[in-house]
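These notes are about the structure you will find just below.
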Amino acid sequence: MSPEEEIILKDSKPTDFIREAVAEDLKNGRFKNVRTRLPPEPNGYLHIGHVKAFMIDYLVAKENGGELILRFDDTNPTKEETEFVEAIEEDARWLGIKWAKVTFASDYFDELYEWAKKLVLAGKAYVDDQTQEEVIANRGTLTEPGKNSPYRDRDVEENMDLLERMKDGEFPAGARILRAKIDMAHPNINMRDPAMYRILHEPHHRTGDKWKIYPLYDWSHGQNDSMEGVTHSLCSLEYENHRPLYEWFLDQLNVFKPRQIEFARLNMNYTVMHKRKLRRLVEENHVSGWDDPRMPTLRAMRRRGYTAEAILDFINRVGVAKNYSVSDVALLESCVREDLNKNSLRRMAVLKPLKVVIDNYPEDQTEEMDAINNPEYPNAGTRQVPFSKVIYIEQDDFRETPPPKYYRLFPGNEVRLRYAYFIKCTHVVKDDKGEVIEVHATYDPATQGGSASDGRKVKSTIHWVSAKHAKEAEIRMYDRLFTKEDPEEGDEGFLNCLNPNSLEILTGFVEPHLASPEIGSRFQFERLGYFCVDKDSTKEKPVFNLTVNLKDTWTKIEKR
RNA sequence: UGGGGCAUGGUGCAAUGGCAGCACACCAGCCUUUGGAGCUGUGGAUCUUGGUUCGAAUCCAGGUGCCCCAGCCA
């Protein structure tokens with residue numbers, strides 16, 4: 001077992017209602033083993049909402065010594081593409097999910113067709129010639145029963161003949177459907193003679209032109225589960241209404257019958273999760289693409305700097321239940337901070353530079369200062385950071401007139417430059433508009449390394465970069481994409497609460513050790529946050545994405 | 001007004017007839033060469049009404065609220 005797998009197992013508590021149900025099934029002999037399936041539709045990229053379902057399927061199998069099948073639900077050729085199959089596998093692998101095999105709903109088209117014929121032969125399914133409008137009109141409403149189709153009592157021979165001809169492409173798309181013969185007055189609308197096959201003259205990404213009819217979800221999914229020996233078919237709450245149908249088909253067929261269990265899907269505040277809405281964000285250029293770091297897709301989160309471990313930890317902490325729920329993105333952020341705090345190297349970077357001249361420091365001198373790479377993990381060692389007369393500090397770390405409780409640099413105040421010296425601000429230089437463009441200070445040579453020999457304390461430590469040695473870098477500061485907790489609430493539409501400040505591009509300076517960092521590597525910029533090297537980086541200019549900021553109590557104090 | 005489901009601090013999840021707890025968030029303090037991290041502490045919840053019981057978040061009955069279902073999508 002790999003270390004990542006151990007982490008997953010150790011952190012998962014087998015206490016939710018699904019795990020209890022599975023344990024019970026094993027105990028009472030309903031099933032002798034556990035096999036689950038992961039059923040993504042290959043028509044979009046994975047987002048964090050999928051991760052919850054993926055981890056439940058994966059872990060329930062794993063914890064019970066069973067296996068997981070990755071089965072692509074490709075029953076609709078008009079929407080699905082091979083491109084997504086690869087992307088989904090890649091993302092799932094990144095999460096550390098392992099599957100026994102990859103299958104496709106389309107692998108079972110032949111067998112499924114044979115099963116359909118069995119149902120027709122048994123008088124349990126029929127070909128309906130009604131138009132789509134007629135089918136809808138005769139389905140009834142939530143409170144009124146439907147009406148039987150005039151074709152409902154066709155004899156078996158005619159149904160068999162028509163079904164065969166549907167399959168052979170004799171009829172135009174949409175001309176007929178095969179329906180299960182159940183009960184048009186059933187209070188559950190899914191049981192009012194649901195469609196099993198529709199005619200579609202569309203090429204399929206796997207079966208090409210072979211099929212002119214394609215099964216619908218309800219007719220395909222449970223049968224595929226049965227064929228694959230899936231014991232537990234775990235899905236989201238909206239399929240609860242489909243469970244009677246799932247079971248009806250399997251009962252009529254008299255085949256192995258898996259158990260479907262439903263749970264609440266993951267929702268998260270300040271974001272949208274629906275494929276169609278994510279697509280709009282991309283297509284209408286509100287974001288740069290599916291991997292724009294503000295998106296909730298896994299490729300975007302990866303680019304932003306999220307680790308799989310942090311995402312899995314989040315999913316684990318959210319838990320599994322049947323309550324409709326909306327998780328707080330603050331929990332996700334807390335998880336990634338916790339991970340990165342332990343595991344990322346510290347570096348100094350100045351995002352909004354303000355020049356500081358240390359007047360009493362020798363003009364051409366450079367000193368190498370020892371800096372700790374990760375105080376949470378001493379084995380990460382130290383590095384040397386050059387220091388000289390002119391440095392950059394953060395604009396936020398200087399105020400000409402300090403507000404109450406402001407401990408950083410202001411005229412007359414002394415602060416510590418991290419790993420370097422104490423400096424005291426003497427005066428400032430302003431431009432025509434009265435903006436401070438340069439701060440002057442003096443340093444105390446007796447505070448080398450950051451502590452005073454006389455025991456004198458200083459209230460604040462600020463970070464810096466030597467101007468002479470600094471490397472210019474692009475820093476992309478991300479904030480939540482939407483200004484509302486629930487962007488879909490109300491009728492203005494989610495695009496009307498896009499956060500105009502969700503991306504701010506800065507040009508800052510980073511210490512020499514960040515001059516040409518490896519793409520994808522993660523760092524903590526001291527006192528600022530966690531950053532990940534973007535693929536847009538060049539040799540001349542590295543690009544960093546803000547993963548998440550450090551907790552900032554000062555901003556909180558200042559707001560009060 | 002049909003059917004299916006769900007109600008526990010701000011959020012998410014526990015407690016499976018026996019002291020309502022955990023995490024995040026929030027607030028206060030300690031500590032600190034990151035106003036980070038860490039440590040300590042405070043406040044805050046069982047939808048409602050009734051019943052059963054020595055004892056109810058849990059069992060029963062009624063009520064209320066919210067979610068899902070009328071694709072030839074999944």
Side-chain angles (χ1 to χ4, degrees), chain A residues 13 15-16 20 39-41 43 73 75-76 78-80 105 128 131-132 135-136 139-146 173-179 185-192 194-200 213-214 216-218 220-221 235-244 262 264 266 269 275 314 317-335 337-338 341-342 346 348 371-372 375-376 405-408 416-420 422 447 449-451 457-463 485 524-529 549-558:
Chain A
K13 305 176 203 100
T15 55
D16 59 73
E20 281 170 11
E41 187 188 9
N43 72 343
D73 226 332
T75 57
N76 188 343
T78 62
K79 297 164 69 172
E80 295 141 5
D128 193 346
T131 63
Q132 192 165 164
V135 170
I136 291 168
R139 185 154 27 223
T141 67
L142 294 178
T143 52
E144 296 160 319
R176 286 171 227 257
I177 52 174
L178 182 72
R179 302 179 79 173
H186 199 107
N188 180 342
I189 291 184
N190 292 127
M191 300 294 273
R192 317 239 262 228
M196 295 166 63
Y197 281 105
R198 78 285 218 184
I199 301 172
L200 244 32
I213 59 172
Y214 290 92
L216 280 112
Y217 168 87
D218 284 312
S220 172
H221 201 92
C235 58
S236 53
L237 250 27
E238 70 257 38
Y239 291 100
E240 265 178 326
N241 295 330
H242 293 250
R243 186 165 12 108
E262 312 85 10
L266 178 78
N269 57 12
K275 259 178 242 175
F314 167 70
R317 292 202 220 184
V318 162
V320 181
K322 294 193 75 162
N323 278 4
Y324 173 86
S325 62
V326 182
S327 293
D328 193 341
V329 67
L331 177 61
L332 209 213
E333 292 173 345
S334 166
C335 291
R337 279 194 196 101
E338 187 179 310
N341 174 52
K342 290 197 192 88
R346 314 289 126 124
M348 289 201 284
I372 295 167
E376 302 288 320
K405 296 210 174 154
Y406 186 87
Y407 306 140
R408 283 116 95 152
R416 171 167 38 235
L417 293 176
R418 177 136 240 229
Y419 300 127
F422 287 7
T447 57
S451 50
K457 299 279 184 201
V458 103
K459 274 214 122 169
S460 179
T461 300
I462 65 175
H463 61 274
E485 267 200 55
Q524 183 198 97
F525 289 177
E526 294 223 25
R527 301 205 311 129
L528 298 171
N549 63 317
L550 251 28
K551 275 206 270 183
D552 181 4
T553 44
W554 164 245
T555 304
K556 238 180 261 175
I557 293 167
E558 197 183 21

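Chain letters run A, B, ... following the sequence lines, proteins first, then strands; residues in each count from 1.
Residue side chain A:Y324 does not reach the base of B:A7 through any donor-acceptor N/O pair under 3.5 Å, judged by distance alone. The base of B:G4 lies outside donor-acceptor range of the side chain of A:R243, with no N or O pair under 3.5 Å. Evaluation of atom-type donor-acceptor distances gives no pair under 3.5 Å for the side chain of A:N188 against the base of B:G4. Residue-to-nucleotide contacts include no donor-acceptor pair under 3.5 Å from the side chain of A:N76 to the base of B:C73. Between the base of B:G5 and the side chain of A:E238 there is no donor-acceptor pair shorter than 3.5 Å.
In this structure B:U64 sits in a base pair with B:A7, meeting the Watson-Crick or G-U test at under 3.5 Å.
Rounded to the nearest Å, the gap between the C1' atom of B:G17 and that of B:C22 is 22 Å. B:G4 and B:G18 have their P atoms separated by 30 Å, given to the nearest Å. Separation of the C1' atoms belonging to B:U46 and B:A56 is 11 Å when rounded to the nearest angstrom. Between the P atoms of B:C26 and B:U11, the separation comes to 15 Å (whole Å).
If A:K405 and A:A321 are placed on RNA chain B by their nearest nucleotide, the residue sitting closer to the 5' end is A:A321.
Between A:Y217 and A:Y239, the two ring planes are tilted [angle within 30° to 60°].
Glycosidic conformation at B:G10 (O4'-C1'-N9-C4 for purines, O4'-C1'-N1-C2 for pyrimidines): anti, more than 90° from 0.
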